[in-house]
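A short worksheet on the structure shown next.
Both ligands and their constituent atoms are indexed starting at 1 by order of listing.
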Amino acid sequence: MDWLIQRLETTGSTNDDAKAAAESGAPAGTVIWALRQESGRGRRGRAWSSPEGNLYCSVLLRPETRNYGHFSFVAALAIGDVVCDLLPKAQAELKWPNDVLVNGKKISGLLLEAGQGYLVIGMGLNVAHFPENPLYPATSLAAENAVSPPLETILNALLENLGHWAETLQKSGFEPVREAWLARARKGEMRVRLPDGEIEGRFSDLDSDGNLHLLLPGGTTRKFAAGDVFF
Ligand code: BTN
């Protein structure tokens, strides 16, 4: 994949910029990278605090598959690989659906947004700062004592990994992506928070649609397509 990186000092949200670019016909591989965001967005309408020092980028793809949800695992693997390279001694794990944890704390976030014929993968990586986040404990590369290269170097590594995993998905389907994700995933006991309450259980599987399967205390298994997971 050839990446066309557009670097901005400040923007509202790189996802909004990438979506606008997609609507105006920008090609797959367009990347919007901003040093800071004034209205960075997280999942479920939450804000994503975006001071200078962290990585904020959005990648435009035009996948042939309709199963855009698979790309959230592709992107989580790509970020996870970057984090493992920069923090080889730390315990880096992937958390369903698409977070990367370091020593149990959230270090990145992904926001996938699809439109007619395109997919935008927004990625935030806490390099220098992390938010005082009431929802999840968070961390940054700096807080974990990583010696981080310049942001541009991190971005290039991330894009290389993303290209690798996207190509794997395209050529071989979801199974190798699923297996790689499972090998790095945080499993065990967890709670899934839904709009109407929380459900406790034990990680049982990730299925071919990217759904989480949770083994409930009574012995039945429940499938989740979305939700916030807590340990
Ligand atoms: C989450 O809630 O975990 C997802 C956070 C996604 C943040 C990234 S930063 C780059 C891109 N632009 C945005 O406004 N959001 C995403």
Any donor-acceptor N/O pair, Lys187 side chain to Leu182 backbone, under 3.5 Å: yes

Ionic contact status for Arg184 with Glu93, cut-off 4.0 Å: no

Non-hydrogen side-chain atoms of Arg202 and Met190 separated by less than 4.5 Å: no

Could you pull out every donor-acceptor pair under 3.5 Å between side chains of residues 96-103 and any protein atom, sequence neighbours left out?
{"residue": "Trp96", "atom": "NE1", "partner": "Gly210", "partner atom": "O", "Å": "3.0"}
{"residue": "Asp99", "atom": "OD1", "partner": "Lys106", "partner atom": "NZ", "Å": "3.1"}
{"residue": "Asp99", "atom": "OD2", "partner": "Lys106", "partner atom": "NZ", "Å": "3.4"}
{"residue": "Asn103", "atom": "OD1", "partner": "Gln91", "partner atom": "N", "Å": "3.2"}
{"residue": "Asn103", "atom": "ND2", "partner": "Glu144", "partner atom": "OE1", "Å": "3.0"}

Close residues, ligand 1: non-hydrogen atom nearer than 4.0 Å: Ser13, Thr14, Asn15, Gln37, Gly40, Arg41, Gly42, Arg43, Trp48, Tyr56, Cys57, Ser58, Lys106, Gly109, Leu110, Leu111, Gly122, Met123, Gly124

Name every donor-acceptor pair, under 3.5 Å, that has one atom in a side chain of residues 51-59 and the other anywhere in the protein, sequence neighbours excluded.
{"residue": "Glu52", "atom": "OE1", "partner": "Arg36", "partner atom": "NE", "Å": "3.0"}
{"residue": "Glu52", "atom": "OE1", "partner": "Arg36", "partner atom": "NH2", "Å": "2.8"}
{"residue": "Asn54", "atom": "OD1", "partner": "Val127", "partner atom": "N", "Å": "2.8"}
{"residue": "Asn54", "atom": "OD1", "partner": "Ala128", "partner atom": "N", "Å": "2.9"}
{"residue": "Asn54", "atom": "OD1", "partner": "His129", "partner atom": "N", "Å": "3.0"}
{"residue": "Asn54", "atom": "ND2", "partner": "Tyr56", "partner atom": "OH", "Å": "3.4"}
{"residue": "Asn54", "atom": "ND2", "partner": "His129", "partner atom": "O", "Å": "3.2"}
{"residue": "Tyr56", "atom": "OH", "partner": "Pro51", "partner atom": "O", "Å": "2.6"}
{"residue": "Ser58", "atom": "OG", "partner": "Thr14", "partner atom": "O", "Å": "3.4"}
{"residue": "Ser58", "atom": "OG", "partner": "Thr14", "partner atom": "OG1", "Å": "2.7"}
{"residue": "Ser58", "atom": "OG", "partner": "Asn15", "partner atom": "N", "Å": "3.1"}
{"residue": "Ser58", "atom": "OG", "partner": "Asn15", "partner atom": "OD1", "Å": "2.6"}

With a 3.5 Å cut-off and sequence neighbours excluded, list the donor-acceptor pairs that the side chains of residues 67-84 form with protein atoms.
{"residue": "Asn67", "atom": "ND2", "partner": "His70", "partner atom": "NE2", "Å": "3.4"}
{"residue": "His70", "atom": "NE2", "partner": "Ser208", "partner atom": "O", "Å": "2.7"}
{"residue": "Ser72", "atom": "OG", "partner": "Gly69", "partner atom": "O", "Å": "3.4"}
{"residue": "Asp81", "atom": "OD2", "partner": "Trp165", "partner atom": "NE1", "Å": "2.9"}

